[in-house]
Amino acid sequence: MAKTLWISDIQSGSFTGEVIELQGWIKRHRSSGKIIFMTIRDSTGEIQCVAKKADMNEENFDSLKNALIESSVKLTGLVKSDDRAPGGHELTISAGLIIGAVNAQNPFPITESAMEQTEGGETEFLLDNRHLYLRTSRMTTMLKIRSTIFGSIHEYFRKRDFIEYQAPSFVAGAVEGGSTLFEVPYFGRKAYLTQSWQLYAEAAMPALERLYTIAPSFRAEKSRTRRHLTEFWHAEMEIAWGGNEEVMEHGEALVRSIAKTILNERSDELESLGRDLNLISRYADSPYPRMRYDEAVETLQGMGVEIEWGQDLDYSKEKVLTKDFDVPHFLTHYPKIAKPFYHRPDPDDEKYVLCHDLLAPEGYGEIIGGGERTWSEKEILERIDEEGTPREPYEFYIDIRRYGGVPHGGFGMGVERVCSWLSGADHIREVIPFPRDSRRVTP
RNA sequence: GCCGUAUUAGCUUAGUUGGUGGAGCGGUCGGCUGUUAACCGACAGGUCGCAGGUUCAAGUCCUGCAUACGGCGCCA
């Protein structure tokens, strides 16, 4: 029963002239008294199948004629090459079996015309029916690209001898401000869902020196944008004996390597989404420029944008700034007051911290945030007190500095943001199977 | 948290200055075709988001509520 034959192989010509058994789902269906054309899909592609009344058992012909879209089928027939068939090959059916029928009282709710008309396909209806929308070609394509990107991240780090390392999802404290934590009951106490692997990675930094993960992070932000999820996959890395510059180099190399990988392995999928491959190839090959926060502020002021030194760069300003860039670029050296305590102040000028954000072009915004960590006991205590953050929840974090602290740093990359940008998605929801945001936890 | 927009058949939607709601897709039946988002005909399918109000008359105007979507803040 296990399937061993895939439509992509039929379309590439491997079975032409052979009688085969094909398993798949009906994607399109048109019929008459004498002939049926069915487009069958599987995970690898589509193929047109033809049943002629004259060539097969009449009862069998009628059952195929009445089959509805998304019924699963097993078809036996001869593979022919035929210019009239999309993809160049088709199956002439000699016998067919409906495996999982679709009932006419309850036909497949997602029609092609509905999807065509909704551009980008993110209506409430499609979100409610996400479990069914997954099997349509746009979602399938997105999920394949997503898989390749995940694989590419693992490959990048493993090739460089990074150790994959896991942090708990239930945590006691916050990385960022406490307002964005999900609180969960924990046997009479309160626990929170993690926002980042970073603090726990720093604990293992003196042991493993080069570490990474890809794991879910949770943020209870009521953000209603095309860049935010409450549960997202976070690719993070941490290295010992390295500073802002080394971390940034990894960030750049990682993103370029992802772009290169999808270009090599998913160019058909990218093109089917209407993506310009020249663009992706530019992201894969060009260096990413660096710009200090001060330069960014000056540039913006020169453009007439109202911004004062010390203000964080919000999305509206990022957008103006990145408008003229055609590759991702780094923003570095933010003012200390705009960033949390774990960022290390710049020894050359204590007003700034050694940090960086990587901003993607085309309006996709921030995809990486990272930098050098405050690493000495003295500095971390100063920064925590300065911010008025209580010390107690961070005792373990301070301990890391008490016992052989070393310079170190790392970054976090929003994997869905990268998927969304590289695939040219209209919304971050398009690149994750079951998106979670402030208003939706179902299906 | 703030601002804006929307809600009409299973889906996508039209609906004029207020005068008893149309279409395409999907479904059923029939016809027909090497079709390819097939085509042709017929049928079924609607408390116009909910609750009030104005009016002789409300899908349409007003108020409130609900839900959704879009954007901002915050961030990856």
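Values below: every heavy atom of this structure, side chains too, minus hydrogens, waters and symmetry copies. Chain identifiers are assigned alphabetically (A, B, ...) following the order of the sequence lines, protein sequences preceding nucleic acid strands; residue numbering begins at 1 within each chain.
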J.: What stems involve RNA chain B, if each pair must be Watson-Crick or G-U and both of its distances must be under 3.5 Å, with 3 or more such pairs in a row?
T.: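 Stem list for RNA chain B: B:1-7 with B:66-72, B:10-13 with B:22-25, B:27-31 with B:39-43, B:49-53 with B:61-65.
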J.: Heavy atoms only, 4.0 Å cut-off, all strands: where does Pro107(A) land among base, sugar-phosphate and nothing?
T.: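 It contacts sugar-phosphate atoms only.
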J.: Using the P atoms only, state how far C43(B) lies from C48(B), rounded to an integer number of Å.
T.: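 Each nucleotide's P atom is 23 Å from the other's.
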J.: Please pick, from G73(B), G10(B), G1(B), the nucleotide with the shortest atom-to-atom distance to any side-chain atom of Thr111(A).
T.: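 Looking only at heavy atoms from C-beta outward on Thr111(A), the closest nucleotide is G10(B).
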J.: Does this structure show an ion pair linking Lys336(A) with Glu386(A), if we count only N-O contacts that are shorter than 4.0 Å?
T.: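 Salt bridge: yes.
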J.: Could you tell me how far apart Lys222(A) (NZ) and C75(B) (C1') are, to the nearest whole angstrom?
T.: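 These atoms are roughly 16 Å apart.
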J.: Can you tell me if Ser420(A) and Glu430(A) form a side-chain donor-acceptor pair at under 3.5 Å?
T.: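 Glu430(A) and Ser420(A) do not have a side-chain donor-acceptor pair below 3.5 Å.
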J.: Is it the case that Arg28(A) places NZ or CZ above or below the six-membered ring of Phe37(A), under 6.0 angstrom from the centre and within 45 degrees of the axis?
T.: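 No, Arg28(A) and Phe37(A) do not form such a contact.
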J.: Say you pick atom P in G73(B) and the same atom in U16(B); how far apart are they, in whole Å?
T.: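 My reading of the P atoms in G73(B) and U16(B) gives 38 Å.
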J.: List the residues meeting side chain to side chain contact (heavy atoms under 4.5 Å, CB included) with Glu245(A), not counting sequence neighbours, and say none if there are none.
T.: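 Checked Glu245(A) against side chain to side chain contact (heavy atoms under 4.5 Å, CB included); matches are Met248(A), Glu249(A), Arg290(A).
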J.: Taking the same atom, C1', in U8(B) and in G15(B), what whole-Å distance lies between them?
T.: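 U8(B) and G15(B) have their C1' atoms separated by 9 Å.
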J.: For Arg226(A), is there an ion pair with Asp437(A) - N to carboxylate O distance below 4.0 angstrom?
T.: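 Looking at Asp437(A) and Arg226(A), the cut-off is not met.
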J.: Between atom CZ in Arg224(A) and atom C1' in G73(B), what is the gap in whole Å?
T.: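 Between C1' of G73(B) and CZ of Arg224(A): 13 Å.
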J.: By nearest atom, which of the nucleotides G1(B), G34(B), C69(B) is closest to the Asp82(A) side chain?
T.: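 Side chain of Asp82(A) sits closest to G34(B).
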J.: Would you mind classifying the nucleic acid contact of Gln48(A) as base, sugar-phosphate or nothing, using non-hydrogen atoms under 4.0 angstrom?
T.: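 Contact class for Gln48(A): base.
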J.: Distance between the P atoms of A9(B) and A14(B), in whole angstroms?
T.: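 It comes out at 12 Å once rounded to the nearest Å.
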J.: Does the side chain of Glu236(A) pick up a donor-acceptor pair with the side chain of Ser196(A) at under 3.5 Å?
T.: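 Checked: Glu236(A)/Ser196(A) side chains pair up, N/O donor to acceptor below 3.5 Å.
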J.: How do Asp437(A) and Thr225(A) order along RNA chain B: which one's closest nucleotide is nearer the 5' end?
T.: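 Closer to the 5' end of RNA chain B: Asp437(A).
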J.: Roughly how many Å apart are U5(B) and C65(B), using the P atom of each and rounding to a whole number?
T.: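 To the nearest whole Å, 16 Å.
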J.: Write down the distance separating the P atoms in G41(B) and G46(B), rounded off to the nearest Å.
T.: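 One P to the other, the span is 24 Å.
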J.: From the options C74(B), U28(B), C75(B), select the nucleotide whose nearest atom is closest to the side chain of Ser223(A).
T.: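 So the side chain of Ser223(A) is nearest to C74(B).
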J.: Less than 3.5 Å between a donor and an acceptor, one on the side chain of Arg417(A) and one on the base of C75(B), is that the case here?
T.: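 Pair found.
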J.: Could you tell me how far apart Ile36(A) (CD1) and C32(B) (P) are, to the nearest whole angstrom?
T.: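 After rounding, the gap between these two atoms is 15 Å.
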J.: Does a salt bridge link Arg219(A) with Glu231(A), judged by any charged N lying under 4.0 Å from a carboxylate O?
T.: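 Looking at Glu231(A) together with Arg219(A), the answer is no, because their closest N to O distance does not fall below 4.0 Å.
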J.: What's the gap between U67(B) and G26(B) when it is taken at their C1' atoms, as a whole Å value?
T.: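 Approximately 25 Å lies between the C1' atom of U67(B) and that of G26(B).
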J.: Which residues pass the side chain to side chain contact (heavy atoms under 4.5 Å, CB included) test with Ser81(A), not counting sequence neighbours?
T.: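 By the side chain to side chain contact (heavy atoms under 4.5 Å, CB included) rule, Ser81(A) matches Thr16(A), His89(A).
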J.: Taking the C1' atom of each, how far is G22(B) from G45(B), in whole Å?
T.: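 To the nearest whole Å, 14 Å.
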J.: Are any of Arg30(A)'s side-chain N or O atoms less than 4.0 Å away from OP1 or OP2 of U35(B)?
T.: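 Arg30(A) to U35(B) OP1/OP2: no side-chain N or O under 4.0 Å.
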J.: Would you classify Ile367(A) as touching base, sugar-phosphate or nothing, given that sugar-phosphate means primed atoms plus P, OP1 and OP2, and contacts are heavy atoms under 4.0 Å?
T.: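 If one applies the 4.0 Å heavy-atom cut-off, Ile367(A) turns out to touch the sugar-phosphate alone, with no base involved.
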J.: Arg439(A) has a side chain; which of G26(B), A76(B), A68(B) sits nearest to it?
T.: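 Looking only at side-chain atoms, Arg439(A) lies closest to A68(B).
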J.: Round to a whole Å and report the spacing from CZ of Phe125(A) to P of G26(B).
T.: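 These atoms are roughly 14 Å apart.
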J.: Look at the aromatic rings of Phe411(A) and Phe157(A) and report parallel, tilted or perpendicular, splitting at 30° and 60°.
T.: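 Rings of Phe411(A) and Phe157(A): tilted, 30 to 60°.
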J.: Within residues 228-240 of chain A, find the residues that approach RNA chain B with a heavy atom at under 4.0 Å, and present them sorted by residue number.
T.: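 Within residues 228-240 of chain A, the residues near RNA chain B are His228(A), Leu229(A), Phe232(A), His234(A).
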J.: Roughly, in whole Å, what's the span from NZ in Lys34(A) to P in G31(B)?
T.: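 Lys34(A) atom NZ is separated from G31(B) atom P by 11 Å.
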J.: Nearest heavy atom decides the nucleotide; on that basis, is Gly33(A) or Arg226(A) closer to the 5' end of RNA chain B?
T.: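 Of the two residues, Gly33(A) wins.
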J.: Can you tell me how far P of G34(B) sits from NE2 of His89(A), to the nearest Å?
T.: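 Computing the His89(A):NE2 to G34(B):P distance gives 23 Å.
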J.: Any ion pair linking Asp62(A) and Lys65(A) (charged N to carboxylate O, less than 4.0 Å)?
T.: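 Salt bridge absent between Lys65(A) and Asp62(A).
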J.: Taking any heavy-atom pair under 4.0 Å as a contact, classify Ile368(A): base, sugar-phosphate, or nothing.
T.: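 Sugar-phosphate contact only - Ile368(A) comes under 4.0 Å of backbone atoms but never of a base.
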J.: Suppose the criterion is salt bridge (charged side-chain N to carboxylate O under 4.0 Å, His left out): which pairs have a residue in residues 93-104 of chain A, not counting sequence neighbours?
T.: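 Listed by first then second residue: nothing to list.
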J.: For Glu90(A), answer base if it contacts any base atom (sugar-phosphate contacts may also be present), sugar-phosphate if it contacts only those atoms, and nothing otherwise; contact means non-hydrogen atoms under 4.0 Å.
T.: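 Contact class for Glu90(A): base.
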J.: Taking OP1 and OP2 of C72(B), is either one under 4.0 Å from a side-chain nitrogen or oxygen of Arg227(A)?
T.: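 Looking at the OP1 and OP2 atoms of C72(B), one of them is under 4.0 Å from a side-chain N or O of Arg227(A).
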J.: Of all the nucleotides listed (A37(B), A76(B), U28(B)), which has the minimum atom distance to the side chain of Arg219(A)?
T.: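 Closest of the options to the side chain of Arg219(A): A76(B).
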J.: Can you list the residues that meet the side chain to side chain contact (heavy atoms under 4.5 Å, CB included) rule with Ser423(A), with sequence neighbours excluded?
T.: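 Ser423(A) satisfies side chain to side chain contact (heavy atoms under 4.5 Å, CB included) with Met142(A), Ile145(A), Leu273(A), Ala425(A), Val431(A) once adjacent residues are dropped.
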J.: Remember a base hit wins even if backbone is also touched, and classify Lys27(A) as base, sugar-phosphate or nothing at under 4.0 Å, heavy atoms.
T.: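 Lys27(A): no heavy atom of the nucleic acid under 4.0 Å.
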J.: Leu254(A) CG to A76(B) P: how many Å, rounded?
T.: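 Going from CG in Leu254(A) over to P in A76(B) covers 16 Å.
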J.: Under 30°, 30 to 60°, or over 60°: which ring-plane class applies to Tyr397(A) and Tyr394(A), parallel, tilted or perpendicular?
T.: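 Rings of Tyr397(A) and Tyr394(A): perpendicular, as their planes differ by over 60°.
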J.: Using whole Å, what does the distance between atom C1' of nucleotide C72(B) and atom OH of Tyr315(A) come to?
T.: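 From Tyr315(A) OH to C72(B) C1': 11 Å.
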J.: Of the options U28(B), G73(B), G34(B), whose atoms approach the side-chain atoms of Leu68(A) most closely?
T.: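 Comparing U28(B), G73(B), G34(B) against the side chain of Leu68(A), the answer is U28(B).
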J.: Considering only C72(B), U28(B), G34(B), which nucleotide approaches the side chain of Val50(A) most closely?
T.: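 Nearest to the side chain of Val50(A) among the choices is G34(B).
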J.: From G34(B), C74(B), G70(B), pick the nucleotide closest to the side chain of Glu221(A)?
T.: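 Of all the options, the side chain of Glu221(A) is nearest to C74(B).
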J.: So what does Ser217(A) hit on the nucleic acid, given a heavy-atom distance under 4.0 Å: a base, only sugar-phosphate, or nothing?
T.: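 The answer is nothing, as Ser217(A) stays clear of every strand by at least 4.0 Å.
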